[in-house]
Amino acid sequence: RRPRQRAELAVALAGLQHGSGDIAGARATLTAVTPSLAETPALEAKIRRSLANMEDLLGHSNQAAWERRRADELDPPSNSR
């Protein structure tokens with residue numbers, strides 16, 4: 001339960017950082033929480049998708065692509081789109 005709460009707080013903080021223009025800070029916040037999420041793959045995937053967006057904004061397209069691939073491995077997108 002604790003990793004989930006920590007992750008939810010990290011997502012909220014990253015949202016505030018992103019909203020204030022601190023993209024690198026938001027990325028650092030999300031990156032710091034990912035190691036604790038091994039038991040919650042769907043949540044880790046959600047955070048990695050957010051990280052991919054941050055990496056795109058920072059101009060790191062290769063890292064963004066890696067984060068998206070990792071997220072899809074953890075929680076494959078549904079085919080019902």
Side-chain angles (χ1 to χ4, degrees):
R1 185 138 165 83
R2 261 215 188 294
R4 179 173 292 279
Q5 289 172 336
R6 185 171 176 230
E8 289 169 359
L9 287 172
V11 168
L13 175 57
L16 290 171
Q17 291 169 309
H18 178 267
S20 71
D22 184 8
I23 306 302
R27 177 185 62 178
T29 297
L30 295 176
T31 299
V33 78
T34 55
S36 67
L37 299 175
E39 300 297 318
T40 54
L43 182 56
E44 182 179 347
K46 176 183 174 184
I47 288 176
R48 289 197 178 277
R49 288 184 179 102
S50 293
L51 273 169
N53 292 334
M54 301 297 162
E55 296 293 356
D56 277 333
L57 291 170
L58 291 167
H60 306 152
S61 59
N62 289 337
Q63 185 64 30
W66 186 91
E67 293 292 356
R68 284 189 184 90
R69 278 193 306 273
R70 182 66 182 126
D72 289 347
E73 290 170 2
L74 291 164
D75 187 31
S78 68
N79 293 327
S80 62
R81 289 184 190 179

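Note that this is a predicted model, so its numbers are computed, not measured.
Only one option out of Arg6, Arg2, Glu8 pairs with Arg4 in a side-chain contact (heavy atoms from CB on, under 4.5 Å); it is Glu8.
Applying the salt bridge (charged side-chain N to carboxylate O under 4.0 Å, His left out) criterion to Glu73, with sequence neighbours excluded, gives Arg70.
The two residues Asp75 and Ala45 make their nearest non-hydrogen contact at CB-CB, 3.5 Å. Closest of all the heavy-atom pairs between Leu30 and Ser50 is CD1-CB, 3.8 Å. Scanning all heavy atoms of the two residues, the minimum distance from Pro41 to Ala38 falls at CD-O, 4.3 Å.
Residues Leu51 and Val33 are members of one and the same hydrophobic cluster, defined by side-chain heavy-atom contacts under 4.5 angstrom among Ile, Leu, Val, Met, Phe, Trp and Tyr.
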Next on the checklist: Let's go through Arg69 and Leu74 carefully: what are the C-alpha distance in whole Å and the side-chain angles of both, what is the deciding distance for side chain to side chain contact (heavy atoms under 4.5 Å, CB included) to 0.1 Å, and is it a yes or a no?
Outcome noted: CA-CA 9 Å; Arg69 278 193 306 273; Leu74 291 164; over 6 Å; no
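Sorted by first and then second residue, the pairs that involve residues 11-30 and meet side chain to side chain donor-acceptor pair (under 3.5 Å), not counting sequence neighbours, are Gln17-Thr29, Arg27-Glu55, Arg27-His60. Applying the side chain to side chain donor-acceptor pair (under 3.5 Å) test to pairs two or more places apart or on separate chains, those with a residue in residues 30-47 are Glu44-Arg48.
At a threshold of 4.5 Å between non-hydrogen side-chain atoms, the residues Pro77 and Arg68 do not count as touching.
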